[in-house]
S.K.: 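First, the structure itself, so that you have it in front of you.
Numbering of residues begins at 1 and proceeds along the displayed sequence. Heavy atoms only: backbone and side chains are in, while hydrogens, waters and symmetry mates are out.
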Amino acid sequence: MMLPEGRSFELSRDLLQGAIDIHVHATPHLPSSPRRLDPIEAAIEARDAGMRAIVLMDVFQMSNGVAWIVNRAVPDFEVYGGLILNTAYGGLNPRAVKTAIGYGDGAKFISFGAHSTHYQASSEGRIVEGRFTPLKDLYPEFRREEVDRAIRIPVEGPLGDDLEEILGLIADNPHIFLNTGHVSPAEAVRLVDLACDYGIQSVLVATAVTSVASIEQLRHMAAKGAFIEYTLGAYTHTTSIPKTHYYVELEYAADEDMAGGAKGSVRGAAEQIQEIGADHCILATDFGGYTLPDPVEGMRGFIASLLDLGIPARDVRKLVKTNPEKLLGLD
């Protein structure tokens with residue numbers, strides 16, 4: 001097989017110009033899961049590389065408050081934040097969503113949970129004596145404190161008052177995009193369908209869904225107008241390392257490889273992007289952890305990898321600039 005022509009370090013760097021990383025974890029975190037850089041450093045590095053903006057993700061707080069601070073400290077750049085509906089916020093909590101909409105610079109996204117979805121929390125576990133064992137089976141209190149309180153999206157039938165109210169709030173604020181979070185593929189499909197029903201204009205299928213969904217499910221959601229997220233963090237060397245990303249208790253540190261969880265590679269991601277179409281996909285990093293390069297280098301490396309795999313530069317530009325701009329409602 002002949003490698004594509006025109007690949008170069010300079011091209012991968014040039015494609016960072018105006019790019020937006022919609023998935024950066026550079027906010028405060030637990031000592032058991034150290035950050036590589038703080039949000040001000042992340043903004044300065046991205047700005048100096050020629051990028052347009054970053055979106056901060058935080059599983060512990062509304063990151064639009066941190067974005068408010070960074071935007072006052074770092075000129076000539078834009079940082080956005082939002083709310084991930086984890087158990088720290090009571091799961092499906094409309095009051096938290098209302099607060100996030102008006103807090104700091106205002107939420108740019110509402111995510112339906114990260115580790116605090118029923119799908120993720122009930123699947124997380126560790127290798128014990130050579131066997132993958134879910135945390136809910138290792139620790140009864142984990143089941144009670146996390147799994148039983150975690151977010152579930154009904155794949156059919158009634159939604160419940162809280163979910164209905166949250167969807168209505170997102171619809172009433174078209175500058176906010178809906179992030180499916182770490183729900184199951186079937187739940188994500190329902191959320192995308194509901195977004196259409198409620199008139200929600202911008203939807204992102206989180207990489208946690210992308211990495212386990214079928215190509216048919218991804219195609220369906222893309223056809224409904226959702227952007228499909230691909231983050232390099234889903235395919236890195238650190239994926240299977242036990243980390244405490246969310247849980248305060250050290251004993252809840254889990255292997256990222258969930259039972260029946262993410263499979264694939266950057267090559268697999270490139271093939272899916274080509275099949276779904278670059279108009280419907282977004283690249284991001286999910287970087288910020290101390291085991292990884294800084295997010296700017298992560299984005300450049302992801303760009304370079306896709307160039308090597310035959311994605312044309314014009315399509316890469318859509319993946320890192322044009323489509324994130326559309327998702328964020330930018331000119």
S.K.: Check the side chains of H280 and N323 for a donor-acceptor pair under 3.5 angstrom, ignoring hydrogens and angles.
M.R.: no

S.K.: With sequence neighbours excluded, what pairs up with Y290 under the ring pair (Phe, Tyr, Trp, His ring centres under 6.0 Å) test?
M.R.: none

S.K.: Can you tell me how far CG of D315 sits from CG of L15, rounded to the nearest 0.5 angstrom?
M.R.: 11.0 Å

S.K.: If we count only N and O atoms by modelled type, under 3.5 Å, do the side chains of Q17 and D14 hold a donor and an acceptor together?
M.R.: no

S.K.: Is there a donor-acceptor contact under 3.5 Å from the side chain of R126 to the main chain of E251?
M.R.: yes

S.K.: Whether the N71 and D105 side chains hold a donor-acceptor pair (N or O, under 3.5 Å, no angle test) is what I'd like checked.
M.R.: yes

S.K.: Working to the nearest 0.5 Å, report the span between CG of L292 and CD of E297.
M.R.: 12.0 Å

S.K.: Taking the side chain as everything from C-beta on, heavy atoms only, tell me whether Q217 gets closer than 4.5 Å to V209.
M.R.: no

S.K.: Heavy-atom distance under 4.5 Å between the side chains of L178 and L167, does that happen here?
M.R.: yes

S.K.: Got V55 and H23 here, is their nearest side-chain heavy-atom distance under 4.5 Å?
M.R.: no

S.K.: Report yes or no: does K108 contribute a side-chain atom to a donor-acceptor pair with the main-chain N or O of N64 at less than 3.5 Å?
M.R.: no

S.K.: Taking atom CZ of R152 as the centre, report whether more than 12 heavy atoms of other residues, nucleotides or ligands fall under 6.0 Å from it.
M.R.: no

S.K.: Looking only at heavy atoms, which two atoms of V203 and A195 are closest? And how far apart?
M.R.: CG2-CB, 3.6 Å

S.K.: Hydrophobic clusters here meaning ILVMFWY residues chained together by side-chain heavy-atom distances under 4.5 Å, can you tell me if W68 and V74 are in one?
M.R.: no

S.K.: Crowded around Q201 CD? As in, over 12 foreign heavy atoms under 6.0 Å?
M.R.: no

S.K.: Check whether L194 and V155 end up in the same hydrophobic cluster, where Ile, Leu, Val, Met, Phe, Trp and Tyr are linked by side-chain heavy atoms less than 4.5 Å apart.
M.R.: no

S.K.: Could you tell me whether a side-chain N or O of S211 sits under 3.5 Å from a main-chain N or O of T207, the two making a donor and an acceptor?
M.R.: yes

S.K.: What about I69 and V24, same hydrophobic cluster or not, with Ile/Leu/Val/Met/Phe/Trp/Tyr joined at side-chain heavy-atom distances under 4.5 Å?
M.R.: no

S.K.: Is the closest basic N to carboxylate O distance between E146 and K136 below 4.0 Å?
M.R.: no

S.K.: Is there side-chain contact between D308 and S305, with at least one heavy-atom pair below 4.5 Å?
M.R.: no

S.K.: Taking atom types as modelled, find out whether S63 and D58 have a side-chain donor-acceptor pair closer than 3.5 angstrom.
M.R.: no

S.K.: Under 4.0 Å between a Lys/Arg side-chain N and an Asp/Glu carboxylate O for D76 and R47?
M.R.: no

S.K.: Between the main-chain N or O of V296 and the side-chain N or O of D21, is there a donor-acceptor pair closer than 3.5 Å?
M.R.: no

S.K.: Could you tell me whether the side chain of I84 reaches within less than 4.5 Å of the side chain of F109, counting heavy atoms only?
M.R.: yes

S.K.: Can you name the nearest heavy-atom pair linking A107 to I176, along with the distance?
M.R.: O-CG1, 3.2 Å

S.K.: Determine, for R36 against E41, whether the closest basic-nitrogen to carboxylate-oxygen distance falls under 4.0 angstrom.
M.R.: no

S.K.: Whether the side chain of Y198 engages the backbone of L169 through a donor-acceptor N/O pair (distance < 3.5 Å, no angle test) should be reported.
M.R.: no

S.K.: State whether the number of non-hydrogen atoms from other residues, nucleotides or ligands found under 6.0 Å of D161 atom CG is greater than 12.
M.R.: no

S.K.: Side chains of L328 and I20: closer than 4.5 Å at any heavy-atom pair?
M.R.: yes

S.K.: Keeping the roles fixed (side chain from N86, backbone from A88), state whether a donor-acceptor pair exists under 3.5 Å.
M.R.: no

S.K.: Show your working on side-chain contact (heavy atoms from CB on, under 4.5 Å) between T27 and D38 and close with a plain yes or no.
M.R.: CA-CA 6 Å; T27 52; D38 66 41; over 6 Å; no

S.K.: Is it the case that one hydrophobic cluster holds both L37 and V59, taking links as side-chain heavy atoms less than 4.5 Å apart, direct or via other members?
M.R.: no

S.K.: Test R149 against E145 for salt bridge (charged side-chain N to carboxylate O under 4.0 Å, His left out), laying out the working first.
M.R.: CA-CA 7 Å; R149 296 175 180 174; E145 294 173 356; over 6 Å; no

S.K.: I'd like to know if the side chain of H25 reaches the main chain of M57, judged simply by a donor and an acceptor atom lying under 3.5 Å from each other, with no hydrogens or angles considered.
M.R.: yes

S.K.: Any donor-acceptor pair under 3.5 Å linking the side chain of T133 with the backbone of V128?
M.R.: no

S.K.: Side chains of Y230 and Q272: is there a donor and an acceptor less than 3.5 Å apart?
M.R.: yes

S.K.: Are V183 and L163 joined in one hydrophobic group, where the rule is that I, L, V, M, F, W and Y side chains link up if heavy atoms are under 4.5 Å apart?
M.R.: yes

S.K.: Taking C-beta and beyond as the side chain, do I273 and I228 meet within less than 4.5 Å on heavy atoms?
M.R.: no

S.K.: Mind checking the NE2-OG1 spacing from H182 to T180? Nearest 0.5 Å is all I need.
M.R.: 8.0 Å

S.K.: Counting heavy atoms not belonging to R72, are there more than 12 under 6.0 Å from its CZ?
M.R.: yes

S.K.: Please answer whether the main-chain N or O of G181 pairs with a side-chain N or O of N179 as donor and acceptor at a distance below 3.5 Å.
M.R.: yes

S.K.: Side-chain contact test, heavy atoms from C-beta onward, threshold under 4.5 Å: evaluate it for D48 versus E45 and give yes or no.
M.R.: no

S.K.: Write down the atom of P293, the atom of F287, and the distance for their closest heavy-atom approach.
M.R.: O-CD2, 3.4 Å

S.K.: Give a yes or no on whether R7 atom CZ has more than 12 heavy-atom contacts from other residues, nucleotides or ligands under 6.0 Å away.
M.R.: yes

S.K.: How about Y247 and F142: are their ring centres within less than 6.0 Å of each other?
M.R.: yes

S.K.: Kindly compute the distance separating CD1 (I170) from CD1 (I101), expressed to the nearest 0.5 Å.
M.R.: 8.0 Å

S.K.: Does Y103 have more than 12 heavy atoms from other residues, nucleotides or ligands lying within 6.0 Å of its OH?
M.R.: no

S.K.: For E187 and S184, which I'm curious about, is there any donor-acceptor pair between the side chains at under 3.5 Å?
M.R.: yes

S.K.: To the nearest 0.5 Å, tell me how far L330 CG sits from T322 OG1.
M.R.: 11.5 Å

S.K.: Look at the aromatic rings of Y246 and F60 and report parallel, tilted or perpendicular, splitting at 30° and 60°.
M.R.: parallel

S.K.: Is there a donor-acceptor contact under 3.5 Å from the side chain of S116 to the main chain of G113?
M.R.: no

